Protein chains: 2
Amino acid sequence: MDWDPKRPRWQQIADVLRQRITDGTYPPDTMISESAITQEWGVARITARKAVAALRAEGLVTTVPGMGSFVL
Amino acid sequence: MDWDPKRPRWQQIADVLRQRITDGTYPPDTMISESAITQEWGVARITARKAVAALRAEGLVTTVPGMGSFVL
DNA sequence: CTTTATTTGTCCGTATGTATG
DNA sequence: ACATACATACGGACAAATAAA
């Protein structure tokens, strides 16, 4: 991923995840873990968390402590 | 149970159990098992164990391996 | 004595929540 | 944005202790 320096990384990651959810790549109940994000994009966990938090705020995923975040 | 996200679940469970002990709902010798807690609150066993451990630390219950935890 | 059932003790792996630097 | 650490939480598995059939 070549980052756009003009926008936060977590936002760019959230954009990709949002696309995958809306286009069916990530069907309901698909788990989106923070570690998976850190591995795919090579970012820190805190950055991955911000991306997931954005999707959660949009009502696209739900987060269960100790379990993970899942597509709604 | 609608959890208060600001406080640990095991603490909130311990609060309820403590109340039941002090108000006589759970008289002495009443057994408080971990499985009973997991079933009533829908939490993992480790969470139930932490709640019981808190009560034990407060001297409200005693735990006997292989038997259970009992109100003092 | 053996078996069965129940409960606590412990450990592993994984994941999120929070805090500090 | 990153690195690290610790707490909290879920799931599963196996051992040890206790009691009862």
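Chain A is the first sequence line, chain B the second, and so forth, proteins listed ahead of strands; every chain is numbered from 1. As the structure is a computational prediction, the values presented were derived from the model and not from experiment.
- A close approach under 4.0 Å does occur between a side-chain nitrogen or oxygen of B:K50 and OP1 or OP2 of D:dT8.
- For the pair A:R7 CZ and D:dA1 C1', the computed distance is 16 Å after rounding to whole Å.
- When each of B:I21, B:V61, B:L60 is checked for a side chain to side chain contact (heavy atoms under 4.5 Å, CB included) with B:Y26, only B:I21 meets the rule.
- Phosphate contact (OP1/OP2 of C:dT8, side-chain N/O of B:T63, threshold under 4.0 Å): absent.
- Rounded to whole Å, atom P of C:dG17 lies 6 Å from atom CZ of A:R56.
- DNA chain C is contacted by both A:G68 and B:P5; A:G68 maps to the nucleotide lying nearer its 5′ end (nearest heavy atom per residue).
- Remark: C1' of D:dA3 and CD of A:E34 are 15 Å apart, rounded to the nearest angstrom.
- Follow the hydrophobic side-chain contacts under 4.5 Å out from A:V52 and you never reach A:W10; the two are in separate clusters.
- A sub-4.0 Å separation between OP1 or OP2 of D:dC10 and a side-chain N or O of B:T47 is present.
- Of all nucleotides present, only D:dT18 satisfies the Watson-Crick or G-U wobble test against C:dA5, with each distance under 3.5 Å.
- Among the heavy atoms of the strands lying under 4.0 Å from B:V43 are primed sugar atoms or P, OP1, OP2 only; no base atom is included.
- The number of heavy atoms from other shown groups lying within 6.0 Å of CG (B:D23) is above 12.
- Both A:I46 and A:I32 sit near DNA chain C, but only A:I32 has its closest nucleotide nearer the 5' end.
- Between A:L55 atom CG and C:dT16 atom C1' there is a gap of 16 Å when expressed in whole angstrom units.
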### Stepwise salt bridge (charged side-chain N to carboxylate O under 4.0 Å, His left out) test for A:D15 and A:R7
CA-CA 11 Å; A:D15 288 344; A:R7 300 175 61 238; 2.8 Å; yes
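- Separating the CE atom of B:M67 from the P atom of D:dT18 is a distance of 9 Å, rounded to the nearest angstrom.
- Note on B:V64: only backbone sugar-phosphate atoms sit closer than 4.0 angstrom, heavy atoms only; bases stay farther off.
- B:R9 comes within 4.0 angstrom of sugar-phosphate atoms only, judged by non-hydrogen atoms across all strands, and of no base.
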### Task
Determine, stepwise, if the pair B:R20 / B:E40 fulfils salt bridge (charged side-chain N to carboxylate O under 4.0 Å, His left out).
CA-CA 14 Å; B:R20 291 179 183 173; B:E40 176 173 1; 2.7 Å; yes
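- In this structure, the nucleotide among D:dA3, C:dT16, D:dA9 sitting nearest to the side chain of A:A44 is D:dA3.
- Atom C1' of nucleotide C:dT14 and atom CZ of A:R45 are separated by 11 Å, given to the nearest angstrom.
- Protein atom CE of A:M31 is 13 Å distant from nucleotide atom P of D:dG11, rounded to whole Å.
- Counting to the nearest Å, the C1' atom of D:dT8 and the CZ atom of A:R49 are 12 Å from each other.
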